[in-house]
Structure formats: structure tokens, C-alpha cells
2 protein chains.
Amino acid sequence: MVRYKFLRDHGCDRKYFATMNTAGAVTTAHVLVVDDDREIRDLLGRFLTKHGYRVTAAQDGKDMHRALADWHIDLVILDLMLPGEDGLSLCRDLRAKSQIPVIMLTMMGEETDRIIGLEMGADDYLPKPFSPRELLARMKAVLRRAQCAPAVQAKSGRKVLSFSSWRLDLGLRRLESPQRLIVDLSAGEFDLLVALAEHPQRVLSRDQLLDLTHGRAEAPFDRSIDMQVSRLRHKIETNPKEPELIKTVRGGGYVFTAVVTHDETADT
Amino acid sequence: MVRYKFLRDHGCDRKYFATMNTAGAVTTAHVLVVDDDREIRDLLGRFLTKHGYRVTAAQDGKDMHRALADWHIDLVILDLMLPGEDGLSLCRDLRAKSQIPVIMLTMMGEETDRIIGLEMGADDYLPKPFSPRELLARMKAVLRRAQCAPAVQAKSGRKVLSFSSWRLDLGLRRLESPQRLIVDLSAGEFDLLVALAEHPQRVLSRDQLLDLTHGRAEAPFDRSIDMQVSRLRHKIETNPKEPELIKTVRGGGYVFTAVVTHDETADT
DNA sequence: TCGGGCTTGTGACAGTCCGTTACCAAATGC
DNA sequence: GCATTTGGTAACGGACTGTCACAAGCCCGA
């Protein structure tokens, strides 16, 4: 659900609120959109709100500074072309005073614009027109870099994945068997199981699994995932010779076959 | 090498094939181009084929749906302006039913078009005329994003196909005989059976089956599908010499004759 | 600092899967 | 009826996978 609220004192400034999702205490990143085109502001506002961000909009430099004074802003999305003070100089200002990450919106990908934008201290730039997904991806990347990753982390409760009576506690990094016994997994085995259980019913290539667990790409003749899978199977499959949970797809990779549910144990 | 092939049943539908590139197991993405302008279809077909994509072309919504039913499509390039059903509603349809990424082609950057397109769920859009390089770049980006998308298996339950007392569990990747015995299928056999059972009472060419199971095109003198069918028949037909479930259509391919129902077992 | 236990990657080997080739039978064309 | 095309499948070999054995790290306490 999205709720709009007009801030009377800020003229055309419009504020969007994201509803809290699931866990109460999620801290969503607060994004400031600076663009003189009202349509873009609206569009971005609705779009980002829908994706769980808090959004404030400003139409020029003055508005922007006011918003920065009034709110705690995690990220600024700044149009290069603005009436009055130019986006570039605003960006330089911002960078001089604070460390708030900035994404610049520029017209059509002229190499020069990008270079200038980045030299002014923008953390990323996006040529208009851009795809919303790309914007999201870049925002996430920038926020991650800024150590301010939106949400997830800060759940008060613990994240637990359940599948066919097993419980995989991501917070405690612990696996409970259907018999409620704690299964002793190594770090690597645990990571692999998480990677699999977070993408159930989906064939994951060795390359993807390596990326998910180690953040690296597959080397030629790399058998490490095979070994890890083999070891994991011996710990969680009833009959490792005929695996039920982790199936092999020849030439493809592995599939986690169980239905996985995401629980949020309230606490402790 | 590029080979063209005219699909007789699809009127002006033309199919382009890319040869495998270097690494054997690489499955090239299959792109569906939907545009009423034949020249554009041809141009894009040749261009994308040259760059290693498999391309199928459709001239309107009807063609598009047929192609989607017949092939495994990784990406749709969709013209905004189409005769009959409009590109926008097609896009909405697509998004409602599947997660196939969509790139929209629009006439010169009309803001409104872009906004509407993106709100309809397109993953990216490209104003005509566009540079081929830009198209390639955006395709790559969209495909990359789609690959690591969580797939959101949607239903929490598991997908099961039933046909004449057999049960084919797609999540568990398991086949149960009418006698409730688990039939031991190899990964390839399983994939083939899924491809067939998902298109019952429909003649599937070897090429289509290869596309659906391996995401690759048929090579000259390719008998692999025949072999796989033969092996599968021996496991699921009462009398493999006179197959009931998988019938041969001489000069056409194979048909899965049984009536298939889609169940969604609630869970576990 | 050293050494032992644990974890993880590599090489090797065996077992399995699957594509190719080849040959034959069935279907089709003439 | 004969030639030609198409499909079924046995057989073979290459490619892929499971896993044993071992080595290289890593952690930790003495």
C-alpha cells in the first residue's frame, strides 16, 4: 500500500512513504530525488516507494538543501540539468559537505557527461532514459558501498529457512534436523546450503554457486563445488547415493528440490 | 555459420539460428522479436544471429503467444506500436504470466511512452532509431539481471503434472508411475518428459525439443532427441515398440498424447 | 612457535550419461 | 516394386559426475 502526503510548507515538495514490510523495525533507506521535471519526480517517487524506499522530492537546489536539513538522507538522485544552480555544482557542494552518495541523471550517454559527473564526485551516473531496474540495481550497489545497505540486516528477529522439517537458521548459522538435532556443518557447507535453499527448485550452475558462496568465478577443472555438494549430501541426505534434496542436473548444475519457507522467528 | 529456416505453419514467421559458440555447453539466449515491420524483423534477426543469439520473430500478438508456447524464450523485444493488440497490453500480459524480461521499442523518446512502458513492466526500453550496440548492451544487462533474479517460484506449493495416472513432480524432479513407484529418470530424460508434458497434444519438432531441453538449436544429422525419446519410451511405455504416450509424427517430430492436468499440491 | 585437528581444494579413477555413428526397418514417393 | 527418406536403437566413446586420498591452509591451544 502506498500513501501520499503533501507537505504544505514545501510548496511543490511531495513526500512518499513506504509502508513497513513484515518485520516492524526495518530501516529503509531514505532517498532524495532532485529533478525539475515534475513527471519524473512523481514517477520515481511512486516507483521507489513501491520498492520499499522512503522518498522525498525536490525541484531545485534550494529545495534540496532544505530537505537535507530536515531529513536524514541516505542517497541523492540528482538531475544534471537543473534551473538555477546546476546539478554539477550541487553535486560538488554535497560532496564537499557530506558523504551522502549521489547518483546523477544525465541526458543521453555522452561520454563526456559521464566523465564530468564522476569527476564531480557522483558515485554513479545514469543516462536518461534509464530502466527502473537499472536504477534500483545501481542504488543498491551505491548504498551497499556506502555501508548503508537498505534493510534486511537490521531485522530484529532472526531469519530462518524451513524445508521438509529441517530448519536453517541464518542468524545462528545453524542447521537443525527434522529430529531437532543440530547438524554440524562447516562454514563452506553452510554457505552452500544457504545458496541452494535460497533458490529452491532452480538449477544453479557451479559457476553461480561459486559466485554465491565465494564470490568468485569458476576455474577450468574446478571440482570444489562437486566436493562440497558431496560432503553436504552425506550430512543431510537420508541416502547420499540417491539424493532427494540436492539433485544433480547433468551439464547444468544442482537443484534444491524442497519447498522452502522463510520464517522470521520473532526473537532470540 | 547462419542458417535460415522458414516455418511453414507460421506464415511470415522466420527463424534464425545461431551456431554454438566456442564453449560447448553454452546455451545461447533465445530472443523473440515482435514487430509488424518485416524489415525490422529481418534486420534484427540477422544482426542478433550474427552475435550469437537464437532469434524467433513474430509480427503480432497472436504470433508472439504462439512462439512463447512453442519455444523457451529468454527475452522479448517488443515494438510499442503493433496492429491489433497493442504492445503495451502485450507487455502487461507477459508480465502477468511470466517473468520473461522485456525490452520495448518506442518511437523517439516520448516521455509518456517510456513511463507507461516501464509501468507496464518492461525491463528496459529503447527509442527508435537505436544503435545496434546500444541494443546489445541493454540486452546483455537485462539478461544478466534476469539470470540472478530470484525467480520467485510464485506458488509456495509444488508444481505437479499428472497424466493417465502418472505424476511428474517438477520441483522434486521425480516421476511416479501409476503404481506409485518412483521411476529412475536421468536428468536429460526428465527434461525431455517435462518439455513434452508441458505441450500435450502438440507436435514438437526435434528443434523445439532441443530448444526446450538444452536451449540449443538442432545441428544437421542430430539424432540426440531420437535417442533420448527412445530411452524415455523404454522407461515409461508399456510397449516401447508401440508407444502410446509419445507418438512419432513422421517428418514433424513427436507428440505427447496424454491429457495433462496441472496440480499445485499445497505443500510439503 | 609449533603441532594437531579441521576444512577445503586438487588429482585420480571409476561409474554413468548422452551424443554420434552405423545399420536396419518402416514409411513414402514414383 | 524399387529407390529414397525417415525413424529406432545397438554400440561405442567422450564428457560429466561422485568420491577417495591426499595436500595445503587455517585456527587454536600449549
Side-chain angles (χ1 to χ4, degrees), chain A residues 173 175 183-193 195-196 203-207 209-237 239-255, chain B residues 19-20 22-27 173 175 183-193 195-196 203-207 209-237 239-255:
Chain A
R173 292 185 65 83
L175 177 66
V183 179
D184 195 27
L185 294 183
S186 77
E189 289 157 0
F190 185 88
D191 290 341
L192 176 62
L193 184 53
L196 287 166
V203 181
L204 295 173
S205 69
R206 281 156 237 274
D207 197 32
L209 287 169
L210 265 173
D211 189 40
L212 289 167
T213 54
H214 293 68
R216 70 170 166 90
E218 195 183 14
F221 308 111
D222 199 327
R223 306 299 310 282
S224 53
I225 286 295
D226 300 56
M227 270 316 297
Q228 210 67 292
V229 166
S230 173
R231 283 167 181 144
L232 188 52
R233 276 177 176 161
H234 280 273
K235 293 191 180 178
I236 66 173
E237 297 279 3
N239 174 11
K241 291 279 178 190
E242 293 202 354
E244 289 294 319
L245 286 171
I246 306 175
K247 293 217 170 159
T248 304
V249 177
R250 168 169 266 253
Y254 298 93
V255 197
Chain B
T19 50
M20 276 303 176
T22 56
V26 171
T27 56
R173 295 184 64 85
L175 176 67
V183 180
D184 195 27
L185 294 183
S186 76
E189 289 157 359
F190 183 87
D191 290 340
L192 176 62
L193 184 53
L196 287 165
V203 181
L204 294 173
S205 69
R206 281 155 238 273
D207 193 33
L209 287 169
L210 266 172
D211 184 43
L212 290 167
T213 55
H214 293 70
R216 61 165 238 239
E218 195 183 13
F221 310 111
D222 199 327
R223 306 297 308 281
S224 54
I225 286 295
D226 300 57
M227 274 312 301
Q228 208 66 291
V229 166
S230 172
R231 284 169 179 143
L232 187 53
R233 277 176 175 161
H234 280 273
K235 293 192 180 177
I236 66 172
E237 298 280 5
N239 174 12
K241 291 281 177 189
E242 296 207 349
E244 289 294 319
L245 287 172
I246 306 174
K247 295 222 165 150
T248 304
V249 177
R250 192 182 173 82
Y254 297 93
V255 199

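Below, chain A is the first sequence line, B the second, and so on; all start at residue 1.
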The criterion is salt bridge (charged side-chain N to carboxylate O under 4.0 Å, His left out); which residues satisfy it with A:Glu244, sequence neighbours excluded? B:Arg174
Can you list everything that forms a side-chain hydrogen bond (donor to acceptor under 3.5 Å, both in side chains) with A:Asp222? Sequence neighbours excluded, please. A:Arg216, A:Ser224
For A:Arg173, enumerate each residue passing the side-chain hydrogen bond (donor to acceptor under 3.5 Å, both in side chains) test, keeping only those at least two apart in sequence or located in another chain. A:Asp191
Work out how much the helix from C:dT1-D:dA30 to C:dC30-D:dG1 bends between its end axes, five pairs an end, to the nearest 10 degrees. 30°
Look at [X] and [N] and indicate whether a side-chain polar atom (N or O) is within less than 4.0 Å of OP1 or OP2.
| X | N | value |
| --- | --- | --- |
| A:Tyr254 | D:dG18 | yes |
| A:His214 | C:dG9 | yes |
| A:Thr248 | D:dG18 | yes |

B:Ser224, nearest nucleotide to its side chain (from C:dT16, C:dT20, D:dG8): C:dT20
Within a strict 4.5 Å, meaning less than it, do heavy atoms of the [X] and [Y] side chains meet?
| X | Y | value |
| --- | --- | --- |
| B:Leu204 | B:Val249 | no |
| B:Tyr254 | B:Ile225 | yes |
| A:Leu192 | A:Val229 | yes |

Spacing between [X] atom [atom1] and [N] atom [atom2], to the nearest angstrom:
| X | N | atom1 | atom2 | result |
| --- | --- | --- | --- | --- |
| A:Phe221 | C:dC13 | CZ | P | 16 Å |
| B:Arg206 | D:dG8 | CZ | P | 7 Å |
| A:Arg250 | C:dG15 | CZ | C1' | 10 Å |
| A:Glu189 | C:dG9 | CD | C1' | 13 Å |
| B:Asp184 | C:dC18 | CG | P | 11 Å |
| A:Arg223 | C:dC13 | CZ | P | 14 Å |
| B:Asp222 | D:dT9 | CG | C1' | 16 Å |
| B:Asp226 | C:dT21 | CG | C1' | 13 Å |

Could you note down all residue pairs passing salt bridge (charged side-chain N to carboxylate O under 4.0 Å, His left out) where residues 225-236 of chain B supplies at least one of them, sequence neighbours left out? B:Glu189-B:Lys235, B:Arg206-B:Asp226, B:Arg223-B:Asp226
Base, sugar-phosphate alone, or nothing: which one does A:Phe190 contact when heavy atoms must sit under 4.0 Å apart? nothing
Between A:Ala195 and A:Thr213, what is the shortest heavy-atom contact and its length? CB-CG2, 4.1 Å
Using a heavy-atom distance cut-off of less than 4.0 Å, which residues of residues 227-234 of chain A contact DNA chain C? A:Met227, A:Gln228, A:Arg231
Would you indicate whether A:Glu242, at its atom CD, is surrounded by more than 12 heavy atoms from other residues, nucleotides or ligands within a distance under 6.0 Å? no
